[in-house]
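What follows is one structure encoded as structure tokens, with my remarks underneath.
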Amino acid sequence: MLSALLAALLTTAAPLRADDSPKEFHIAERSDAKGVVLSVESACNTEFTLTVKCELRNATSTQKFPLTVDAAGRQSFDLVRIDQKTPGQPWSYKYTYHWIPGARRAVQTNDAIYLLPFRAGEAHKVLQGNFGKFSHYQGSQCEYAVDFEAPVGTTVCAARAGVVTGLRQDFTVGGVDPALKSAANYLIVKHADGTFAEYLHLDTNGALVRLGEKVAEGQPIAHSGNTGYTQGPHLHFIVFQAIDGNTRLSLPTKYRTKFGIAGKLMEGGTY
């Protein structure tokens, strides 16, 4: 069996998803007399990107590090096997990892037109727009996000058709505390072109759809809330794609409004 040296591990979570409970994301180990297999498990996402770095001592692995992989629709899969290199000699491994929802794609464009993420006929004020100073600033990975004013319980609708690839709805607390950045309920939809939309700060148990479900444009999918890092009830909406397990790319987004097609929703405006 494996020695105590083999168990020397260091793990860190993604900057966007810092809760690594088994529900959110978990790397499991399956050992035998020769080595160990690291596997990935997630109850909340079927599309996520993971980057792993690993230091090996007298050990070999089936993958080269740093290693970046896409879940590609899987909630669990084997990641890498690590084996002792020279029998009878001490050996160990130490790894770090970061992960984010969403997947990589070959292009970095977003040409689709999106509905506003609410019921037709409703009007909602933009509390924070593109490059907003509170949390959409340059380098935030949320540069092109939009925060819409939305009382708790407001019906959220799919801005574009797709498949639900991320869903968490068990968080209950919200407020202006950076420690709550990883405690927001979310729903993520993958579109046909490989982009993803994230609907964030949803109400506790507020989802109206299931993980893996296909949703139509304009379909009610959730109820808004006030969970996570917030200054008050609102819906945070962003279209993005993954770069690696550390970084996602926020994409400029065009919306269909009563004023016509808008490439930017102005902070303070109502749409």
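All values reported here derive from a predicted model rather than from experimental measurement.
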Original post:
Linking I/L/V/M/F/W/Y whenever any side-chain heavy atoms sit under 4.5 Å apart, do Leu127 and Phe148 land together?
Top reply: no

Please table the atom pairs, donor to acceptor, closer than 3.5 Å between any side-chain atom in residues 259-271 and protein atoms at least two apart or in another chain.
from	atom 1	to	atom 2	distance (Å)
Glu267	OE1	Gly129	N	2.9
Tyr271	OH	Met266	N	2.9

**OP:** Assess Lys53 against Phe65: is NZ or CZ under 6.0 Å from the centre of the six-membered ring, and within 45 degrees of the ring's axis?
**Re:** no

**OP:** With side-chain contact (heavy atoms from CB on, under 4.5 Å) as the test, would you mind laying out the steps for Val189 and Phe196 before giving the verdict?
**Re:** CA-CA 6 Å; Val189 174; Phe196 293 81; over 6 Å; no

Subject >> Straight-line distance of Asp244 CG to Leu249 CG, nearest 0.5 Å >> reply: 11.0 Å

**OP:** Look at the side chain of His201 and the backbone N and O of His236, then say whether any donor-acceptor pair between them is shorter than 3.5 Å.
**Re:** no

Original post:
So how far is it from Asn205 CG to Asn185 CG, rounded to the nearest 0.5 Å?
Top reply: 8.0 Å

**OP:** Please examine the side chains of Glu122 and Thr154, heavy atoms only from C-beta on, and report whether any two atoms are closer than 4.5 Å.
**Re:** yes

Original post:
Would a distance-only check, ignoring hydrogens and angles, find a side-chain to backbone donor-acceptor pair under 3.5 Å from Asp203 to His223?
Top reply: no

Subject >> Under the salt bridge (Lys or Arg N to Asp or Glu O under 4.0 Å) test, residues paired with Arg30 that sit two or more places apart >> reply: Asp78

Original post:
Taking all non-hydrogen atoms of both residues, which atom of Thr49 and which atom of Ala103 are closest, and how far apart?
Top reply: OG1-CA, 3.5 Å

**OP:** Would you mind reporting whether Tyr93 and Glu55 have side-chain heavy atoms less than 4.5 Å apart?
**Re:** no

**OP:** Check whether any side-chain heavy atom of Ser61 lies under 4.5 Å from a side-chain heavy atom of Leu56, and answer yes or no.
**Re:** yes

Subject >> Minimum heavy-atom distance Ser250-Cys142, with the two atoms named >> reply: OG-C, 3.8 Å

Subject >> Straight-line distance of Glu47 CD to Lys190 NZ, nearest 0.5 Å >> reply: 4.0 Å

**OP:** Check the angle between the aromatic planes of Trp99 and Phe48 and answer parallel, tilted or perpendicular using the 30° and 60° thresholds.
**Re:** perpendicular

Subject >> Non-neighbouring partners of Phe77 that pass ring pair (Phe, Tyr, Trp, His ring centres under 6.0 Å), sequence neighbours left out >> reply: none

Original post:
Is the shortest distance from a Lys or Arg side-chain nitrogen in Asp32 or Arg81 to a carboxylate oxygen in the other one below 4.0 Å?
Top reply: yes

Original post:
Are Phe131 and Tyr137 close enough that their ring centers fall under 6.0 Å?
Top reply: no

Subject >> Flag for Thr172-Thr204: side-chain donor and acceptor within less than 3.5 Å >> reply: no

Original post:
Minimum heavy-atom separation for Ile188 to Pro101, with atom names?
Top reply: CD1-CB, 3.3 Å

Original post:
Are any of the side-chain heavy atoms of Ile82 and Leu38 separated by less than 4.5 Å?
Top reply: yes

Subject >> Verify same cluster id: Tyr255, Phe118 (apolar side-chain graph, 4.5 Å) >> reply: yes

Original post:
Going only through I, L, V, M, F, W and Y residues with side-chain contacts under 4.5 Å, is there a path from Leu116 to Val215?
Top reply: yes

Original post:
Are Leu208 and Val156 joined in one hydrophobic group, where the rule is that I, L, V, M, F, W and Y side chains link up if heavy atoms are under 4.5 Å apart?
Top reply: no

**OP:** Give a yes or no on whether the backbone of Gly174 and the side-chain of Asn226 come within a donor-acceptor separation of less than 3.5 Å.
**Re:** no

Original post:
Step by step, would you call Lys125 with Asp147 a salt bridge (Lys or Arg N to Asp or Glu O under 4.0 Å)?
Top reply: CA-CA 9 Å; Lys125 183 178 180 180; Asp147 289 349; over 6 Å; no

Subject >> Minimal non-hydrogen separation, Ser140 against His136, with atom names >> reply: OG-C, 3.4 Å

Original post:
If you take all heavy atoms of Ile238 and Ala145, which pair is closest and at what distance?
Top reply: CB-CB, 3.8 Å

**OP:** Check whether any side-chain heavy atom of Thr96 lies under 4.5 Å from a side-chain heavy atom of Val52, and answer yes or no.
**Re:** no

**OP:** Run the salt-bridge test on Lys85 and Asp83 with the 4.0 Å N-O cut-off and return the result as yes or no.
**Re:** no

**OP:** Take Ile243 and Gln108, measure what side-chain contact (heavy atoms from CB on, under 4.5 Å) needs, and give me the verdict at the end.
**Re:** CA-CA 10 Å; Ile243 300 298; Gln108 297 184 351; 3.9 Å; yes

Original post:
Is a side-chain N or O of Gln219 found less than 3.5 angstrom from the main chain of Ala158, in a donor-acceptor match?
Top reply: no

**OP:** Indicate yes or no: at least one non-hydrogen side-chain atom of Glu41 is less than 4.5 angstrom from one of Glu24.
**Re:** no

Subject >> Distance (rounded to the nearest 0.5 Å) between Glu143 CD and Ser135 OG >> reply: 10.5 Å

**OP:** Output yes when a side-chain donor or acceptor of Gln128 lies under 3.5 Å from a complementary backbone atom of Phe134, and no otherwise.
**Re:** yes

Original post:
Less than 6.0 Å separating the ring centroids of Phe240 and Tyr144?
Top reply: no

**OP:** State, yes or no, whether a side-chain contact exists between Leu50 and Leu79 at a heavy-atom distance under 4.5 Å.
**Re:** yes

Original post:
Can you check whether Leu202 reaches Leu235 side chain to side chain, under 4.5 Å on heavy atoms?
Top reply: yes

**OP:** Starting at CZ of Arg104, measure out to CG of Asp70 and round the result to the nearest 0.5 Å.
**Re:** 4.0 Å

Original post:
Hey, does the side chain of Glu198 reach the backbone of Leu200 with a donor-acceptor pair shorter than 3.5 angstrom?
Top reply: no

Subject >> Under 3.5 Å: donor-acceptor pair, side chain of Thr253, backbone of Leu251 >> reply: yes

Subject >> Distance-only donor-acceptor check, side chains His191 and Thr195, under 3.5 Å >> reply: yes

Subject >> Flag, side chain of Glu149 to backbone of His124, donor-acceptor distance under 3.5 Å >> reply: no

Original post:
Transitively linked via ILVMFWY side-chain contacts under 4.5 Å: Phe237 with Val152?
Top reply: no

**OP:** Could you tell me whether a side-chain N or O of Thr86 sits under 3.5 Å from a main-chain N or O of Gln89, the two making a donor and an acceptor?
**Re:** no

**OP:** Look up atom NZ in Lys181 and atom OH in Tyr229, then write down how far apart they are to the nearest 0.5 Å.
**Re:** 5.0 Å

Subject >> Asp193 vs Arg160, side-chain contact (heavy atoms from CB on, under 4.5 Å): CA-CA, chis, key distance, verdict >> reply: CA-CA 11 Å; Asp193 61 1; Arg160 186 178 171 191; 3.2 Å; yes

Original post:
Quick check, are the ring centers of Tyr199 and Tyr186 under 6.0 angstrom apart?
Top reply: no

Original post:
Using a distance-only test with no angle check, is there a side-chain donor-acceptor pair under 3.5 angstrom linking Gln141 and Arg248?
Top reply: no

Original post:
Hey, mind stepping through Thr230 and Val176 against side-chain contact (heavy atoms from CB on, under 4.5 Å) and telling me if it holds?
Top reply: CA-CA 5 Å; Thr230 74; Val176 188; over 6 Å; no

**OP:** Please name the pair of heavy atoms, one in Glu217 and one in Leu115, separated by the smallest distance, quoted to 0.1 Å.
**Re:** CG-CD1, 3.2 Å

